[in-house]
> 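Structure in structure tokens, see below.
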Amino acid sequence: MQDTQVLSQIRQVIENMPSDWLRLTTHRLDIYNEERAKTEFLEQFETLLASGNTDTAALSELPTAFDYIRLGHPLSCVLEWSIARMNGMHPDQVISFSSQSIPVMAVLRKNLFEGKKTRICYPGEIPEAFQGDALENVYGYPFELLQVDGPDSISGFEGSTIYLQQGAHLANVTFAENIDFVVSTHGHLGSVILVNSEQNNSYIPEIQHVRRRETIAMTPDNCVQALKQLLGETTNQPDEAQSEENKASVVASIHEITGTNTTAIVGSSGLSIQYAIVMGLIDHALENHPGKPIRIIVPPNCYGGTNDQARRVAACSDAVHVVDLPVDGDHDMVQSIDMVLNQIAEEDAVPYIIAEIPTNPRVEVPDLEKLRDVLRTERKTANKDTAIDPVFILDQ
């Protein structure tokens with residue numbers, strides 16, 4: 001498809017897009033088909049474009065493209081479709097992220113399990129968001145880092161090669177012969193990963209699942225900014241002063257609602273902040289309790305994303321294991337936590353508990369005073385040393 005035609009269609013879509021595309025962060029059940037959400041959206045989106053009908057009413061009736069912005073949304077699909085069409089690729093090969101670093105981590109994660117080497121090549125300076133030491137030491141992802149003059153200077157490699165670039169125009173991405181993935185970072189907007197060649201198609205669902213479980217897609221507003229950049233239009237830079245003022249307002253509301261004055265950290269979604277908490281705690285355990293096993297304690301009836309994420313974290317590290325916390329039927333959460341913490345104390349392990357608020361109908365409210373007492377109980381290891389205190393994480 002010619003770039004001029006794609007650009008004309010993008011312009012029409014941006015001018016006529018429904019307000020819900022920017023306003024909603026979840027799905028409309030009346031137009032939501034979970035099994036075919038993104039596929040069905042793009043199929044009908046292309047049908048509309050072919051018919052020349054891109055008015056607001058027609059766009060508003062397109063099937064919802066996944067639920068929640070972490071799985072994707074209409075504007076992320078339009079952005080990915082646009083980039084793909086302008087580069088002669090299939091839309092599945094383009095995946096956007098709010099994060100600048102997680103698309104690289106998604107490739108590293110898959111290669112960790114496959115025992116495959118990863119080389120990260122970059123021109124100029126390495127992006128500030130790329131924290132190599134943490135990726136190796138906390139996440140356990142091995143890789144080689146190589147500064148290059150440009151894509152054409154990259155030699156062959158027995159493994160996956162990621163080309164990491166900053167601020168490049170996405171309308172014409174250069175795939176040199178020895179590049180498997182291009183990750184293009186764009187400051188506050190996030191990043192986009194482009195998957196090169198059919199031999200790497202098996203990475204696509206893995207990359208999408210990392211977006212689903214550990215982060216979010218590029219946000220709707222930022223997708224609009226990225227689409228306008230494709231059109232060559234000047235976009236508004238974020239007002240840093242206003243952003244800081246908004247964050248301060250959110251933190252003040254958190255303190256007021258919870259009646260606390262502890263440090264509050266705000267993330268892009270529930271699962272992304274939970275992932276940050278868990279990985280931060282693992283980093284803390286590795287530094288302060290070196291060599292000791294780490295146990296993530298999760299109720300089996302906890303929300304599926306929480307359970308899956310905990311097991312995905314454990315799968316990447318020999319030091320981390322998931323321990324089921326019985327809470328169903330006759331099992332009382334307080335008694336179960338007491339029993340599990342006693343077992344973990346015997347192992348001299350580091351205990352992290354992830355529980356859930358009772359918006360899940362299967363979750364019962366424990367006696368909070370008894371829960372507090374159990375969590376504060378001093379326990380002993382098999383060698384009669386003082387056991388490590390648990391950390392209690394409440395999944396909101």
Side-chain angles (χ1 to χ4, degrees), residues 18-29 64 66-76 96-102 129 187-190 211-225 235-284 298-299 302-306 309-310 333 352-369 371-372 375-376 390-396:
S19 61
D20 279 358
W21 284 16
L22 277 175
R23 187 172 57 86
L24 289 184
T25 58
T26 186
H27 53 282
R28 273 178 50 193
L29 290 175
T64 295
F66 289 2
D67 59 332
Y68 309 117
I69 59 175
R70 59 187 173 81
L71 296 174
H73 49 83
L75 283 164
S76 69
S96 67
F97 287 80
S98 181
S99 165
Q100 294 184 53
S101 57
I102 284 197
H188 73 281
L189 297 182
R211 184 170 78 174
R212 181 179 190 179
R213 287 299 188 233
E214 277 87 53
T215 185
I216 62 170
M218 188 180 290
T219 65
D221 185 64
N222 285 345
C223 283
V224 172
Q225 300 301 312
T235 58
N236 297 326
Q237 292 298 311
D239 185 334
E240 293 296 335
Q242 183 64 51
S243 178
E244 290 305 313
E245 185 179 327
N246 291 340
K247 288 180 182 178
S249 174
V250 170
V251 170
S253 295
I254 292 170
H255 289 158
E256 181 181 354
I257 292 167
T258 61
T260 64
N261 195 34
T262 56
T263 301
I265 301 173
V266 181
S268 58
S269 71
L271 275 178
S272 62
I273 196 69
Q274 184 170 289
Y275 187 52
I277 290 169
V278 170
M279 296 312 301
L281 287 169
I282 289 173
D283 186 16
H284 183 272
V298 187
C302 212
Y303 167 61
T306 296
Q309 186 188 88
M333 176 184 279
Y352 298 139
I353 306 166
I354 302 178
E356 188 176 50
I357 60 171
T359 49
N360 180 335
R362 295 178 62 197
V363 176
E364 296 180 8
V365 182
D367 184 314
L368 295 181
E369 291 186 351
L371 176 62
R372 175 200 60 197
L375 294 173
R376 286 179 173 177
V391 176
F392 190 80
I393 307 159
L394 186 63
D395 176 13
Q396 177 73 6

> How long is the span from the OG1 atom in Thr219 to the CD atom in Gln225, to the nearest 0.5 Å?
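Reported value, rounded in 0.5 Å steps: 9.0 Å.
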> Residues in side chain to side chain donor-acceptor pair (under 3.5 Å) with Ser272, at least two apart?
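Residues passing side chain to side chain donor-acceptor pair (under 3.5 Å) with Ser272: Ser268, Ser269.
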> Mind checking what makes side chain to side chain donor-acceptor pair (under 3.5 Å) contact with Arg376, not counting sequence neighbours?
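With sequence neighbours excluded, Arg376 shows a side chain to side chain donor-acceptor pair (under 3.5 Å) to no residue whatsoever.
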> Tell me the closest heavy-atom pair linking Cys223 and Ser76, and the distance in Å.
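Taking Cys223 first and Ser76 second, the nearest heavy atoms are SG-CA, 3.6 Å.
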> What closest approach, in Å, do Gln100 and Ala129 show between heavy atoms, and which atom pair accounts for it?
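Of all heavy-atom pairs spanning Gln100 and Ala129, the closest is CB-CB, 3.9 Å.
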> Measuring from Ile393:CD1 to Gln274:CD, what's the distance to the nearest 0.5 Å?
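If I round to the nearest 0.5 Å, the distance is 7.0 Å.
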> Please determine whether side-chain contact (heavy atoms from CB on, under 4.5 Å) holds for the pair Val391 and Ile277, giving the CA-CA distance in whole Å, both sets of side-chain angles, and the decisive distance to 0.1 Å.
CA-CA 11 Å; Val391 176; Ile277 290 169; over 6 Å; no
> With rounding to the nearest 0.5 Å, note down the distance linking CG in Asp221 to CH2 in Trp21.
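These two atoms lie 15.0 Å from each other.
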> Decide yes or no for Arg70 and Glu214: does some side-chain heavy atom of the first lie under 4.5 Å from some side-chain heavy atom of the second?
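With C-beta onward as the side chain, the pair stays apart.
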> Would a distance-only check, ignoring hydrogens and angles, find a side-chain to backbone donor-acceptor pair under 3.5 Å from His73 to Met218?
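Here the side-chain-to-backbone pair exists.
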> Treating Gln309 as the side-chain partner and Leu271 as the backbone partner, does any N or O pair qualify as donor plus acceptor under 3.5 Å?
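Judged by distance alone, yes, a pair lies under 3.5 Å.
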> Any chance CD of Glu256 has more than 12 other-residue heavy atoms, nucleotides or ligands included, within less than 6.0 Å?
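Open: at most 12 neighbouring heavy atoms sit under 6.0 Å from CD of Glu256.
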> Looking at OG of Ser99 and CD1 of Ile216, how far apart are the two atoms once the value is rounded to the nearest 0.5 Å?
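So the gap between those two atoms works out to 9.5 Å.
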> Can any side-chain N or O of Ser249 pair as donor or acceptor with the backbone N or O of Glu245 at less than 3.5 Å?
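Side chain of Ser249 to backbone of Glu245: no pair is present.
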> Do Val278 and Ile354 make a side-chain contact, defined as non-hydrogen atoms from C-beta onward lying under 4.5 Å apart?
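A side-chain contact exists here, since the closest heavy-atom pair is under 4.5 Å.
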> So with a 6.0 Å cut-off around NE2 of His255, is the heavy-atom count from everything else above 12?
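Yes, because the 6.0 Å sphere around NE2 of His255 holds more than 12 heavy atoms from other groups.
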> So, taking the atom named CG in Leu24 and the one named CD1 in Ile69, what distance separates them when rounded to the nearest 0.5 Å?
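Answer rounded to 0.5 Å: 11.5 Å.
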> Nearest 0.5 angstrom please: Leu368 CG to Met333 CE, how far?
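Answer for the CG-CE pair, Leu368 versus Met333, is 10.0 Å.
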> Would you mind reporting whether Leu375 and Ile353 have side-chain heavy atoms less than 4.5 Å apart?
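They are in side-chain contact.
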> Considering only distance and modelled atom types, tabulate donor-acceptor pairs under 3.5 Å from the side chains of residues 259-266, sequence neighbours left out.
| residue | atom | partner | partner atom | Å |
| --- | --- | --- | --- | --- |
| Thr260 | OG1 | Thr258 | OG1 | 2.8 |

> Between Arg211 and Phe97, does the side-chain contact (heavy atoms from CB on, under 4.5 Å) criterion hold? Intermediate values first, please.
CA-CA 7 Å; Arg211 184 170 78 174; Phe97 287 80; 3.6 Å; yes
> What is the minimum heavy-atom distance between Leu371 and Pro366, and which atoms define it?
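Closest heavy-atom pair between Leu371 and Pro366: CD2-CG, 4.2 Å.
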